[in-house]
Amino acid sequence: MIDKTYQPSEVEGRIYKIWEQAGAFRAGRPERAQAKPYTIVIPPPNVTGSLHMGHALNNTLQDILCRFERMRGRDVLWQPGTDHAGIATQMVVERQLAERKEPGRREMGREAFLKRVWEWKAESGGTIVNQLKRLGASCDWSRERFTMDEGLSRAVRKVFVELYRDGLIYKDKRLVNWDPKLLTAISDLEVVQVETKGHLWHLRYPLEGKTFNPEDPSTFIVVATTRPETMLGDTAVAVHPDDERYKALVGKNVILPLVGRKIPIIADEYSDPEKGSGAVKITPAHDFNDFEVGKRHNLPQINILSVEAKIALKDNAEFAAGLAPSSDLEATLAMHGMDRFAARKAIVARLEEKGLVEKIEPHGLSVPHGDRSNVVIEPFLTDQWYVNAKKMAEPAIAAVREGKTNFVPKNWEATYFSWMENIQPWCISRQLWWGHQIPAWYGPQITDEGKNLRIYPGDPVSGARTSDVEMFVAPSEEDAIRQAIERYGRTVRIVSGPNEQMRNIFRAAASQGEDFVGIWRDEDVLDTWFSSALWPFSTLGWPDETPEVKRYYPTDTLVTGFDIIFFWVARMMMMGLHFQKEVPFRDVYIHRLVRDATGAKMSKSKGNVVDPLGVIDDFGADALRFTLARGAAQGHDIRLGPQDVENNRNFATKLWNAARFVEFNGAARVEGFDPKSAKVALNRWIAHETAKAAAEITKAIEAYAFNEAAAAAYRFVWNVYCDWYVELSKPLLTGPDGAAKDETRATAAWALDEIIKLLHPFMPFITEELWAVTAEQGPKRSGLLALSDWPKLDGLTDDKAEAEIGWVIELITAVRSIRAEMNISVNIPLVLAGASKEIESRAERWAEFIKRLARVSEISSAVSAPQGSVQLIVRGEVAALPLIGVIDLDAERARLAKELAKAESDIARVDAKLNNANFVARAPEEVVEEEKEKREEASGRKVKIAAALDALKAAK
RNA sequence: GGGCGCGUAGCUCAGCGGAAGAGCACCUCCUUGACAUGGAGGGGGUCACAGGUUCGAUCCCUGUCGCGCCCACCA
């Protein structure tokens, strides 16, 4: 017996366990060894994260595809796993340490800190996986991977080493986006621009050889800046070569205020005469554009900030170079250690005192911020590792151009191309601890043809400068040592770093007659996206030549959000093509954001975040999934309100009750029942409609039109099966025993079975439960719905059944409409006027049904409609409701007049087309034919309505 | 500055070359034996605006207005 109500919370956990115990989601099930594989790799969520609505959408869509293809017989691999999410996870653990008042990361040291992160991972890493299971995700959990697993780490090292050997990874000293809070470099993509109201300071730089006089513009040049504090690092003033105002000054020098440095006025096209004063200060160490100008003109790069973005002038060789002592300089040096924003104020104040500030204007600008830390990013000159993205992008661009990978919707390709075609070097090193440590080792530099070694103190940022050391990039420590031995020709040991301690070790060893060279590993880790970029093949066991790589790569579909096209999709394309020589996926389905009921983006700060698990608790996973699927129209955000989920919970209830109805009426599945053999038109009709719905749903899922697929399923289940088939079948099911009753029972059960299958990808729990419950009656069935066959219903199209049942439905609807309109509560008779034999017998066959559903007392035939009756035109047939005394004749005349007008306007519109020679000549034949049919239908209708109107007039 | 997208029923959105759709909301009626988490019926739209292409435009093209988002730049 099916329970009276469906309780998702009681069913879902139990069903999921059954799937897992059966290994239903396992890839490579033996019986599918010959089947075509279907592969999706999950966008790996942060290992310590928890499920948010974006995940719910993303994974619902993947699950729909996986369950659909699994039912179509494919060998499905939905590869799950999690991402170590370097910065995010490290931040979480550091925050935790702070909350618990424990020693911070630096105090506890790298090793101890990493141990703590691993502990945290062990503790919370299972959360998101369990939450995905609650959503119903049919991943092959036996293959779960983590980006820092040994295997995946090996893949990372191999990729790094090979790209380094191919010259596609290199170390470079250039400006990076430096996060002064997290103390690491970040990539361009991790920088967000924030619109800010700032100021434009117009500063006077005195010209060399003139006595500065604020009243005399010929003694200075004005530069405008939004960041006055960087002036300490200025190394030139640039003007446009064609700018007449400044032509005479090019080649002269200015004396940098507060510093006393002599810097040149140079001509460079970067300078825009329209902006500011037309002269621009050049600070190569603190501005990306200035850096390029500096390179063109061979300007020194003077870094005036520490890693914490504080003024750093002491022990600063670049700053000190070529400076003459002065009282100004002394005061400037005293700013050492001052925060950058405090320094801005201090510097402006001092300049103002000296009359060096011409004016200050309000100025809107966007300021770069770190997306994680939310602090202002500093362009900072450091050594970092880069990927030559430009080179690697070439095949990735070509692959999309050639259609080897398709974006869905297609317009994302434009976004992909425009980014890929203007791609910048990808900074992959991060000054963090949690992540894949870069597989590069450094050792003392060889000088004098290898006879002597020199050891330099480490760079405070990245451990060592390329130019000062020997570098060994290797997949393992052993290999690095081997390389070092070869280079040095001496014993090699791993040491902790190029610091004082290490030098002491050397000295101690040397004094004991030992002779060895120490090498130390790069302390930085790789950008998290570096390992994610390998996900489609590293999860399959690469770099080993596993059968999985052969079988499941390239994957079929990637389902992801538009926000990580650059971060992730583009990089997977590059890495996949480079290392597998094939695209990582055929289709990339890009979905959009889930917003709240008012259309606002969900965010913690706004407090409008809807927790998917809360929704699952309240309405069930199926309701949430169906809501997301119904909303997933290509290229559109999804608004999710509680009302929507409730509606779809109601849909689940509707389905449940339909199943109860079927069971209640003894409609069990019948072994070997073939709907093609049905004799009763109603049953032939529902078979026809089921086939139609199955085809629609199949086509829509294939096209990633999830919303259309869900809508088609919804419509069919509710508006076709429940509203009409169930209602129309009642007289048969409750009527006398016999062939028709048996057939109807069998058909009702068959159609319900098909419905359960069609809905399974969307609503896996309730359908699996119904599959099990309906298995209790009729022929035995032991398998799971998740592994059963997707409906493939050919040869069930039946236009005759459609004509018959369609007429019945429309007749019932028309009568109900009149009843409601005229407020008739009693049963009324129905007369078929001038009906053919065929219609009469059809009416006879369905008399009981019509009587019951339209509340008709009796059905009879007549040559013409009785006097004073309401006449309905249903599919060209006249049905009359003799209602003398009941109806308001005037109202009825008005109703008919309106319908007549409608018929006439229909005719007029069609005639306008048909009388147009151009239309008849140029429109496709079938369209013309269709219009002719419309004409015929409408004029038939018109005649009948006119006749009804006449009869009414006669009736007074 | 470049790119992408959106303006369709009160609200939220489908549809995107051949007679305007759904859900919610609203109004009327219904405790009929699957379901009140329900059933029946109904009102409501010159498909942003202006041109153009076409036999035919909500749908294609161009422009205008309004609204998002992405990228770049910002002295």
Side-chain angles (χ1 to χ4, degrees), chain A residues 2 4-6 188 193 198 200-203 222-227 238 270-272 274-282 287-290 363-367 409 411-412 414-415 417-419 422 562-563 565-566 592-593 597-599 619 623 630-631 633 635-639 641 643-644 646-665 705 707-708 711 714-715 719 722-723 726-727 730 734 812-813 816-821 823 825 852-855 905-906 909-910 912-914 916-924 926-928 930-931 934 938:
Chain A
I2 301 181
K4 184 145 180 8
T5 53
Y6 174 68
D188 298 347
Q193 303 292 335
L200 196 55
W201 284 272
H202 293 251
L203 309 179
V222 174
V223 294
T225 180
T226 54
R227 300 194 52 198
Y270 163 67
S271 180
D272 182 348
E274 304 291 313
K275 284 182 181 167
S277 62
V280 59
K281 63 194 265 321
I282 300 296
D287 181 279
F288 288 100
N289 286 310
D290 293 4
H363 184 75
L365 74 167
S366 46
V367 179
N411 45 295
W412 287 109
T415 306
F417 287 136
S418 75
W419 190 70
N422 299 296
F562 62 91
D563 50 335
I565 290 179
F566 305 146
R592 306 233 352 187
L593 247 46
T598 68
F619 299 106
R630 282 183 83 183
H636 292 280
D637 291 344
I638 298 172
R639 283 200 195 196
Q643 186 61 248
D644 301 308
E646 198 181 320
N647 288 339
N648 292 308
R649 188 272 318 266
N650 295 352
F651 177 60
T653 307
K654 189 77 180 174
L655 171 68
W656 187 257
N657 283 308
R660 284 180 63 215
F661 168 84
V662 169
E663 185 194 61
F664 186 75
N665 285 285
N707 61 322
E708 285 174 30
Y714 185 95
R715 209 169 25 236
N719 303 118
C722 292
D723 285 353
V726 164
E727 292 305 323
K730 281 176 182 172
T734 57
I812 291 168
T813 304
R816 280 172 170 172
S817 178
I818 291 297
R819 297 180 59 93
E821 236 171 79
N823 223 343
S825 53
R852 179 167 169 156
L853 294 179
R855 302 194 60 193
S905 82
D906 285 350
R909 191 180 38 246
V910 175
K913 285 188 183 182
L914 290 175
N916 181 337
N918 270 327
F919 172 74
V920 179
R922 299 193 195 191
E926 61 270 23
V927 173
V928 176
E930 217 174 285
E931 292 297 320
K934 280 181 202 162

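Nothing here was measured: the structure is a model prediction, and the numbers come from that model. Basis for what follows: all heavy atoms, side chains included, without hydrogens, waters or symmetry-related copies. Throughout, protein chains are lettered first and strands after them, A, B, ... in sequence-line order, and every chain is numbered starting at 1.
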Can you name the atoms? Protein N/O to nucleotides 29-35 of chain B N/O, anything below 3.5 Å, with the distance.
unit_1: B:A34; atom_1: OP1; unit_2: A:K730; atom_2: NZ; d: 3.1
unit_1: B:A34; atom_1: O2'; unit_2: A:N657; atom_2: OD1; d: 3.2
unit_1: B:A34; atom_1: O2'; unit_2: A:R660; atom_2: NH1; d: 3.3
unit_1: B:A34; atom_1: N6; unit_2: A:C722; atom_2: O; d: 3.2
unit_1: B:A34; atom_1: N6; unit_2: A:E727; atom_2: OE2; d: 3.1
unit_1: B:A34; atom_1: N3; unit_2: A:N657; atom_2: O; d: 3.2
unit_1: B:A34; atom_1: N3; unit_2: A:A658; atom_2: N; d: 3.3
unit_1: B:C35; atom_1: O4'; unit_2: A:N657; atom_2: OD1; d: 3.4
unit_1: B:C35; atom_1: O4'; unit_2: A:N657; atom_2: ND2; d: 3.3
unit_1: B:C35; atom_1: O2'; unit_2: A:N657; atom_2: ND2; d: 3.3
unit_1: B:C35; atom_1: O2; unit_2: A:K654; atom_2: NZ; d: 2.9
unit_1: B:C35; atom_1: N3; unit_2: A:K654; atom_2: NZ; d: 2.9

Original post:
What integer distance in Å separates A:N650:CG from B:A25:P?
Top reply: 10 Å

Original post:
NA contact type, A:N647, heavy-atom cut-off 4.0 Å: base, sugar-phosphate, or nothing?
Top reply: sugar-phosphate

**OP:** Report the relative orientation of the aromatic rings in A:W412 and A:F562; use parallel for angles under 30°, tilted for 30 to 60°, perpendicular for over 60°.
**Re:** parallel

Original post:
Taking for each residue the nucleotide of RNA chain B with the nearest heavy atom, is it A:N918 or A:D637 whose nucleotide lies nearer the 5' end?
Top reply: A:D637

Original post:
Has the side chain of A:R816 got a donor or acceptor that lies under 3.5 Å from a partner of the other kind on the base of B:A40?
Top reply: no

Original post:
Hey, are the side chains of A:I2 and A:F664 touching, using non-hydrogen atoms and a 4.5 Å cut-off?
Top reply: no

**OP:** Treating a pair as Watson-Crick (purine N1 to pyrimidine N3 plus N6-O4 or O6-N4) or G-U wobble (N1-O2 and O6-N3) with both distances under 3.5 Å, list the stems of 3 or more consecutive pairs that involve RNA chain B.
**Re:** B:1-7 with B:65-71, B:10-13 with B:21-24, B:26-30 with B:38-42, B:48-52 with B:60-64

**OP:** For nucleotides B:C47 and B:U58, find the distance between their C1' atoms and express it as a whole number of Å.
**Re:** 4 Å

**OP:** With heavy atoms under 4.0 Å as the rule, sort A:S817 into base, sugar-phosphate or nothing.
**Re:** sugar-phosphate

Subject >> Separation of the P atoms in B:A48 and B:A20, to the nearest angstrom >> reply: 15 Å

Original post:
Tell me: CG of A:L593 to P of B:C6, nearest whole Å?
Top reply: 17 Å

Subject >> Residue pair A:A238 / A:S271: nearest heavy atoms and the distance that separates them >> reply: O-OG, 3.4 Å

**OP:** Whole angstrom is fine here: how far is it from CD1 in A:I638 over to C1' in B:C13?
**Re:** 11 Å

Original post:
Looking only at atom types and distance, does a side-chain atom of A:D637 sit under 3.5 Å from a main-chain N or O of A:R592, one as donor and one as acceptor?
Top reply: no

**OP:** Compare all side-chain heavy atoms of A:Y714 with those of A:N648 and state whether any distance is below 4.5 angstrom.
**Re:** yes

Original post:
Nearest to the side chain of A:N411 - B:G18, B:C4, B:G15?
Top reply: B:C4

Subject >> Interatomic distance, A:E646 CD vs B:G23 P [rounded to whole Å] >> reply: 16 Å

Original post:
How close or far is atom C1' of B:G5 from atom CH2 of A:W412, stated in whole angstroms?
Top reply: 8 Å

Original post:
Which distance, rounded to the nearest 0.5 Å, do you find between the NZ of A:K934 and the CD of A:E930?
Top reply: 5.0 Å

Polar atom pairs between nucleotides 70-75 of chain B and protein, under 3.5 Å, N or O only, would you list them?
unit_1: B:C73; atom_1: N4; unit_2: A:S366; atom_2: OG; d: 3.1
unit_1: B:C74; atom_1: OP1; unit_2: A:N289; atom_2: ND2; d: 2.1
unit_1: B:C74; atom_1: OP2; unit_2: A:N289; atom_2: ND2; d: 3.4
unit_1: B:C74; atom_1: N3; unit_2: A:S366; atom_2: N; d: 3.3
unit_1: B:C74; atom_1: N3; unit_2: A:S366; atom_2: OG; d: 2.5
unit_1: B:C74; atom_1: N4; unit_2: A:Q193; atom_2: OE1; d: 3.1
unit_1: B:C74; atom_1: N4; unit_2: A:S366; atom_2: O; d: 3.1
unit_1: B:C74; atom_1: N4; unit_2: A:S366; atom_2: OG; d: 2.2
unit_1: B:A75; atom_1: OP2; unit_2: A:T226; atom_2: OG1; d: 3.4
unit_1: B:A75; atom_1: O4'; unit_2: A:A224; atom_2: O; d: 2.9
unit_1: B:A75; atom_1: O2'; unit_2: A:G276; atom_2: N; d: 3.4
unit_1: B:A75; atom_1: N6; unit_2: A:Y270; atom_2: O; d: 2.7
unit_1: B:A75; atom_1: N6; unit_2: A:D272; atom_2: N; d: 3.0
unit_1: B:A75; atom_1: N1; unit_2: A:D272; atom_2: N; d: 2.6
unit_1: B:A75; atom_1: N1; unit_2: A:D272; atom_2: O; d: 3.3
unit_1: B:A75; atom_1: N3; unit_2: A:K275; atom_2: O; d: 3.4

Original post:
Can you tell me how far the CD atom of A:E646 sits from the OG1 atom of A:T653, to the nearest 0.5 Å?
Top reply: 9.5 Å

Original post:
Mind checking the P distance from B:C30 to B:G45? Whole angstroms is fine.
Top reply: 28 Å

Original post:
Side-chain contact, heavy-atom cut-off 4.5 Å: A:R816 with A:L853?
Top reply: yes

Original post:
Could you state the interatomic distance from NZ (A:K730) to CZ (A:R852), rounded to the nearest 0.5 Å?
Top reply: 6.0 Å

Subject >> Nearest-Å distance for atom pair CD/P, residues A:Q643 and B:C13 >> reply: 15 Å

Subject >> A:E821 CD - B:C27 P separation (whole Å) >> reply: 19 Å

**OP:** Go through the steps to decide whether A:Y6 and A:N657 satisfy the test side chain to side chain contact (heavy atoms under 4.5 Å, CB included), and finish with yes or no.
**Re:** CA-CA 9 Å; A:Y6 174 68; A:N657 283 308; over 6 Å; no

Original post:
Can a donor-acceptor pair under 3.5 Å be found between the side-chain atoms of A:R649 and the base atoms of B:U37?
Top reply: yes

Original post:
Tell me: CD1 of A:I812 to P of B:G41, nearest whole Å?
Top reply: 10 Å

**OP:** Could you measure between the two P atoms, the one in B:U37 and the one in B:A9, and give it in whole Å?
**Re:** 30 Å

Original post:
Yes or no on side chain to side chain contact (heavy atoms under 4.5 Å, CB included) for A:E931 and A:V928, after CA distance, side-chain angles and deciding distance?
Top reply: CA-CA 5 Å; A:E931 292 297 320; A:V928 176; 5.7 Å; no

Original post:
B:C61 and B:A19: how far apart are their C1' atoms, nearest whole angstrom?
Top reply: 25 Å

Original post:
Looking only at atom P, what distance separates B:G3 and B:C11, rounded to whole Å?
Top reply: 32 Å

Original post:
Taking the nucleotide of RNA chain B with the closest heavy atom to each, which residue, A:Y714 or A:A820, is nearer the 5' end?
Top reply: A:Y714

**OP:** Could you grab the distance from atom NZ of A:K275 to atom CG of A:L200, nearest 0.5 Å is fine?
**Re:** 11.0 Å

Original post:
Measuring from A:N647:CG to A:K654:NZ, what's the distance to the nearest 0.5 Å?
Top reply: 13.5 Å

Original post:
Can you tell me how far CH2 of A:W419 sits from CD1 of A:I565, rounded to the nearest 0.5 angstrom?
Top reply: 10.5 Å

**OP:** Ignoring backbone atoms, test whether A:H636 places a side-chain nitrogen or oxygen under 4.0 Å from the OP1 or OP2 oxygen of B:A14.
**Re:** yes

Subject >> Separation of the C1' atoms in B:G41 and B:C4, to the nearest angstrom >> reply: 44 Å

Original post:
Would you say A:R639 reaches B:C13's phosphate, i.e. side-chain N/O to OP1/OP2 under 4.0 Å?
Top reply: yes

**OP:** Provide the distance between the two C1' atoms, one in B:G7 and one in B:C49, to the nearest whole Å.
**Re:** 11 Å

